[in-house]
Q: 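Structure below; questions to follow.
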Amino acid sequence: MERGLSAEEAQFRQEMREFFTTKVPQEIRDKVAAGEELTKEDLATSHKILNEHGCAVPQWPVEWGGQDWSDLQRYIWLDEMQLANVPAPLPFNANMIGPVIATFGSEEMKKRFLPPTAALDIWWCQGFSEPESGSDLASLRTTAVRDGDEYVVNGQKTWTTLGQHADWIFNLVRTDPNAPKQQQGISMLLIDMKTPGVTVRPIQLIDGGHEVNEVFFENVRVPADQLVGEENRGWDYAKFLLGNERVGVAPTGWIKRKLASAKEYAASVAAGDGTLLDDPLVSARIAELECDLAALELTVLRVAANSHGGKPDPASSILKLRGSELQQDVLELIADIAGPSSLAWSDADGSEVPEWAHNATPVYLNFRKASIYGGSNEVQRGVISSGILGLKG
Amino acid sequence: MDFKFTDEQDSLREAARDAIGRNRTEPVPGDAVHNEKMWQALAELGALGLPFPEDAGGMGAGPIEAMIVAAELGRVGARTAYADTLMAVTLLGQDELAGAAMEGSRLVVPALYEPMRAWSPEPARVTTDGSALEGVREPVPFAAAAPAVVTTARGDDGIAVYAIESPTFDGARLDLAGQSARHVGGDAHLRQALNLGTLVLAGEALGAMESALGLTVEYLKSRKQFGVPLMKFQTLTQRAADMYTSLELARSAIYFGAMSLAEDPEDDLTISRMKVITGKAGKHIGQEAIQLHGGIGMTAEYAVGHYTARLTEIEHSLGDTRYHLGRLAARVKDYGALDLVG
Ligand SMILES: Cc1cc2nc3c(=O)[nH]c(=O)nc-3n(C[C@H](O)[C@H](O)[C@H](O)COP(=O)(O)OP(=O)(O)OC[C@H]3O[C@@H](n4cnc5c(N)ncnc54)[C@H](O)[C@@H]3O)c2cc1C
């Protein structure tokens, strides 16, 4: 056991802090802080700066642009990034399809896709969920039928995050409808969104924003060399994709940043002769959330230190479960701090209410998603109870 | 002690449900939009003057009836200035604007929030020298519909109430300097207005919680995953049971709040307790309703998320759970055992 950072680690942290706070435009980081929706350009600008400095895909193999960092270094990298309000590198590229191609793709596929994926010259989106297949992903119905050198794809995906910006989609498709188990008939295909027969339709969320879409496939012809790995092994790749990351599952740096902001916000809301930060009901709530955060962050550090080399690990379910809950709790706190100043969402000229307070309710509502996507919290509890505790009812 | 509604109250509920159902529009994310058709239907129903005496132009019913109408608004997710207007009329007392507000010929709302100041029933930086007003109110509800406003200001003789017939807004912000304001009177009705407004909001919350739970129950029956309806998963049905429990506890508190105000319009202790109970139930039910739906609960096209949004808005109106708990906490030392019916 050893409590603190070594001299080298502290030095690394200093470098990361300096990089994130000086190289990524302040304007983008301010938008993140205020909970504003980022444009495609904002996300791309930030991602590209990170990539130019080796900070977009450090978890990838070194030959494809990764860094030979320890888990603790990766934790520090993420923590500093989140503390500085830097938008994460596009997760579909950096955490999802990149590692899958690097692990299971052919050499040609790696050469073709990994460099532009790291550089965000290809913007990926994730085509897993379907209207009838959410938690029960293995029941998916989008089909791909082999026809010569091509697959012909038909079906529908939904909840496709930022599909409106995407160049390519990595899609789970059913290639063997007769497989003995549903999971064994699924493949992963890489599809250019410009292929004839692909249609994207927006879905509006309760915060009024447009971040998810429906994607329709009508006789879409996909070259067979865009199959990832082997046919009918797509489920394994999907499981790898969803479970390979433990360091980044719980956004502790983000939560920490928001809690620090919550204190500033509370100090800026007048209450009686002082501010809301003087109200013990507010400060006690902040203190309690800091206890919850400490327990989570220490757990991240504890389990990061004995990673399973890329294998899905049930421990990451704890991190997803608590991470999403704390994200939601801190946003609820911020909306409560804004109080009546949160009531008008729109920020007209002349408003004396700052941006963060106008955004507090829509952001709070938006993050109800965090306990639904990426395996809902009910699914995570299922993994913990059956996978860890052996309770298989 | 009797929680049953009278036949008249049941008929009022039916009439309100019918009128509101015919005039509602699909909910949209963001700031509430005034629906003039709905407003006229409410006026025709007498809803806007419901709790006020007949000799003052009202219907001579009471807070229970207002709560009944509010629950119907909440049930279908109709966001109106109902609570606002009943508060404004209470504050206006004998002022002529009250009549116009009850008839629905003029939309009148109270402007009681100060930007970046936590809720307080008393103005802090809104002041008066006896004639002109100084200070800023923000956000003013339904400002986009150019309402008349009633506001309070702190002067040498305490807090006074002012009416502004044709205010000039800047978005939802109202700079009181230079607005032509009419002195209405002192703050004798302020507490009653806030109690009534809080009750009406809680009534709306009750309707919204009922609907959010109702949708969730239906969804658990109809949505299939893993080849079975979601109701096969006990972890979900047990949570629906918890939601129902929260709903029924809140219902009791809200009905009790209405009965209490019918007897004593000044009873803010009961109203604070009701707001805390409603606030906690609203968060619980609103959050779980989305969660148990999964992704569909996050969409603007589906109703459930709008109920959660409205419950959140109600939580932050007229004092949140924290504010009312603080008010209750300051009084716990004044009594021993809780006595509700004495
Ligand atoms: C904002 C947002 C962005 C998303 N982005 C993407 C994306 O980019 N790409 C993509 O492919 N998908 C995406 N998703 C989809 C997401 O992964 C699904 O919403 C999720 O898998 C849940 O599926 P569902 O919405 O169909 O809910 P359902 O599976 O129908 O679940 C409904 C409820 O039942 C519960 N439940 C289901 N099964 C069980 C069980 N066996 N035991 C106990 N409880 C259960 C769920 O936890 C939930 O509470 C996104 C979703 C959202 C909301």
Side-chain angles (χ1 to χ4, degrees), chain A residues 129 131-136 138-139 158-159 203-209 212 268-272 275-276 279-282 285 328 332 335-354 357 360-362 364-366 368-369 371-373 376-378 381-382, chain B residues 28-31 112-120 124-125 136 138-141 143 169-173 175 223-227 233 235-236 283 286-287 290-302 304-306 308-309 312-313 315-323 325-326 329:
Chain A
S129 305
E132 303 303 323
S133 306
S135 300
D136 183 14
S139 68
T158 191
W159 311 123
I203 299 175
Q204 192 187 35
L205 294 185
I206 43 174
D207 64 345
V212 295
S268 73
V269 176
T275 72
L276 268 186
D279 182 338
L281 290 176
V282 173
R285 224 171 127 188
Q328 294 175 334
E332 182 179 319
D336 290 347
I337 287 170
S341 289
S342 73
L343 291 173
W345 296 12
S346 52
D347 182 13
D349 290 348
S351 172
E352 291 182 26
V353 171
T361 297
Y364 159 69
L365 291 171
N366 179 277
R368 302 317 301 175
K369 70 188 176 186
S371 49
I372 295 172
Y373 62 33
S376 73
N377 282 6
E378 290 69 36
R381 290 190 191 96
Chain B
V28 288
D31 299 337
L112 298 176
Y113 298 125
E114 293 181 56
M116 295 309 282
R117 175 167 283 277
W119 166 250
S120 160
R125 277 171 297 184
V136 172
E138 182 182 359
V140 179
F169 294 101
D170 195 357
R173 173 176 175 270
D175 186 346
R223 168 75 169 174
K224 283 190 176 166
Q225 287 290 276
F226 303 97
F233 303 119
T235 185
L236 304 179
K283 270 189 186 173
Q287 293 175 355
I290 292 179
Q291 182 66 26
L292 298 194
H293 274 83
I296 190 84
M298 289 294 303
T299 65
E301 210 177 310
Y302 191 78
V304 84
H306 296 288
T308 308
T312 307
E313 185 173 45
E315 164 67 2
H316 295 141
S317 300
L318 304 182
D320 62 358
T321 299
R322 175 200 61 81
Y323 168 80
L325 260 184

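Excluded from the calculations below are hydrogen atoms, water molecules and symmetry mates; all remaining heavy atoms, backbone and side chain alike, are included.
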Q: Given a strict heavy-atom distance threshold of 4.5 Å, which part of B:T312 is in contact with chain A: side chain, backbone, both, or neither?
A: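 Contact with chain A involves the side chain of B:T312 alone.
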Q: So which heavy atom on A:L281 is nearest to which on B:G326, and how close?
A: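 Taking A:L281 first and B:G326 second, the nearest heavy atoms are CD1-N, 3.9 Å.
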Q: If I measure from the heavy atoms of chain B, does A:T361 come under 4.5 Å with its side chain, its backbone, both, or neither?
A: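 Answer is side chain: those atoms of A:T361 sit under 4.5 Å from chain B.
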Q: So what's closer than 4.5 Å to chain B heavy atoms on A:S135: side chain, backbone, both or neither?
A: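 Both backbone and side chain.
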Q: Relative to chain A, which of B:R223, B:H293, B:E313 shows the most heavy atom pairs under 4.5 Å?
A: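 Winner by heavy-atom pair count: B:R223.
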Q: Keeping the roles fixed (side chain from B:D31, backbone from A:S346), state whether a donor-acceptor pair exists under 3.5 Å.
A: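 Yes: the side chain of B:D31 pairs with the backbone of A:S346.
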Q: I'd like to know whether B:T299 forms a side-chain contact (heavy atoms from CB on, under 4.5 Å) with A:L205, so could you lay out the CA-CA distance, the side-chain angles of the two residues, the decisive distance to 0.1 Å, and finally the verdict.
A: CA-CA 4 Å; B:T299 65; A:L205 294 185; 4.2 Å; yes
Q: Salt bridge or not for A:D279 and B:R322, using N-O below 4.0 Å?
A: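 Counted as a salt bridge, because a side-chain N and a carboxylate O are separated by less than 4.0 Å.
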Q: Is it the side chain or the backbone of A:Y364 that comes within 4.5 Å of chain B heavy atoms, both, or neither?
A: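 Contact with chain B is through the side chain of A:Y364 alone.
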Q: Does one side chain, of A:E332 or B:Q287, offer a donor that lies under 3.5 Å from an acceptor on the other?
A: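 Side chains of A:E332 and B:Q287: pair found under 3.5 Å.
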Q: Considering all heavy atoms of both residues, which atom of A:D136 and which atom of B:Q225 are nearest to each other, and what is their separation?
A: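 Closest pair (atom of A:D136, atom of B:Q225, distance): N-OE1, 2.9 Å.
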Q: Can a donor-acceptor pair be found between the side chains of A:S351 and B:E138 at a distance below 3.5 Å?
A: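 Side-chain D/A pair, A:S351 to B:E138: present.
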Q: What part of A:D207 gets within 4.5 angstrom of chain B, counting heavy atoms only: side chain, backbone, both, or neither?
A: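 Backbone only.
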Q: So which residue, B:P29, B:G294, B:P141, ends up with the most heavy-atom pairs under 4.5 Å with chain A?
A: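 When all of B:P29, B:G294, B:P141 are compared, B:P29 has the most.
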Q: Tell me, side chain or backbone of B:A309 under 4.5 Å from chain A's heavy atoms, or both, or neither?
A: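 Contact with chain A: backbone and side chain both.
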Q: Using non-hydrogen atoms and a 4.5 Å limit, figure out which bit of B:Y113 sits close to chain A: side chain, backbone, both or neither.
A: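 Side chain of B:Y113 only, per the 4.5 Å heavy-atom cut-off to chain A.
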Q: Need one label for A:I203: side chain, backbone, both or neither, based on atoms under 4.5 Å from any heavy atom in chain B.
A: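 For A:I203, the contact with chain B is made by the side chain alone.
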Q: Once you round to the nearest 0.5 Å, how far does CG of B:D170 lie from CD of A:E352?
A: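 That separation rounds to 9.0 Å.
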Q: What's the spacing between A:I372 CD1 and B:Q291 CD if we round to 0.5 Å?
A: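 Answer rounded to 0.5 Å: 5.0 Å.
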Q: So for B:L236, is it side chain, backbone, both, or neither that comes closer than 4.5 Å to the heavy atoms of chain A?
A: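 For B:L236, the contact with chain A is made by the side chain alone.
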Q: Can you measure from CH2 (B:W119) to OG (A:S341) and round to the nearest 0.5 angstrom?
A: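 Answer for the CH2-OG pair, B:W119 versus A:S341, is 12.0 Å.
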Q: Indicate the atoms forming the closest heavy-atom contact of B:R173 with A:G350, along with that distance.
A: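 Of all heavy-atom pairs spanning B:R173 and A:G350, the closest is CD-O, 2.9 Å.
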Q: If you count heavy-atom pairs under 4.5 Å with chain A, which of B:G305, B:G286, B:G295 comes out on top?
A: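 That would be B:G295.
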Q: If I compare all heavy atoms of B:P139 with all of A:L343, which pair ends up nearest, and what's the gap?
A: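 Nearest heavy atoms, B:P139 then A:L343: CG-CB, 3.9 Å.
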Q: Write down the atom of B:G171, the atom of A:A348, and the distance for their closest heavy-atom approach.
A: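 Between these two residues, the closest heavy atoms are CA-CB, 3.7 Å.
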Q: Under 4.5 Å heavy-atom distance to chain B, tell me which part of A:A335 shows up: side chain, backbone, both or neither.
A: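 For A:A335, backbone and side chain are both near chain B.
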Q: Side chain, backbone, both or neither: which part of A:P340 has an atom under 4.5 Å from a heavy atom of chain B?
A: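 The answer is both parts of A:P340.
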Q: Side chain, backbone, both or neither: which part of A:L365 has a non-hydrogen atom closer than 4.5 Å to chain B?
A: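 Both backbone and side chain.
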Q: Please flag which part of A:E132 lies under 4.5 Å from any non-hydrogen atom of chain B: side chain, backbone, both or neither.
A: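 Both parts, backbone and side chain.
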Q: Spell out, as yes or no, whether a donor-acceptor pair under 3.5 Å connects the side chain of B:R117 to the backbone of A:T275.
A: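 Such a contact is absent between B:R117 side chain and A:T275 backbone.
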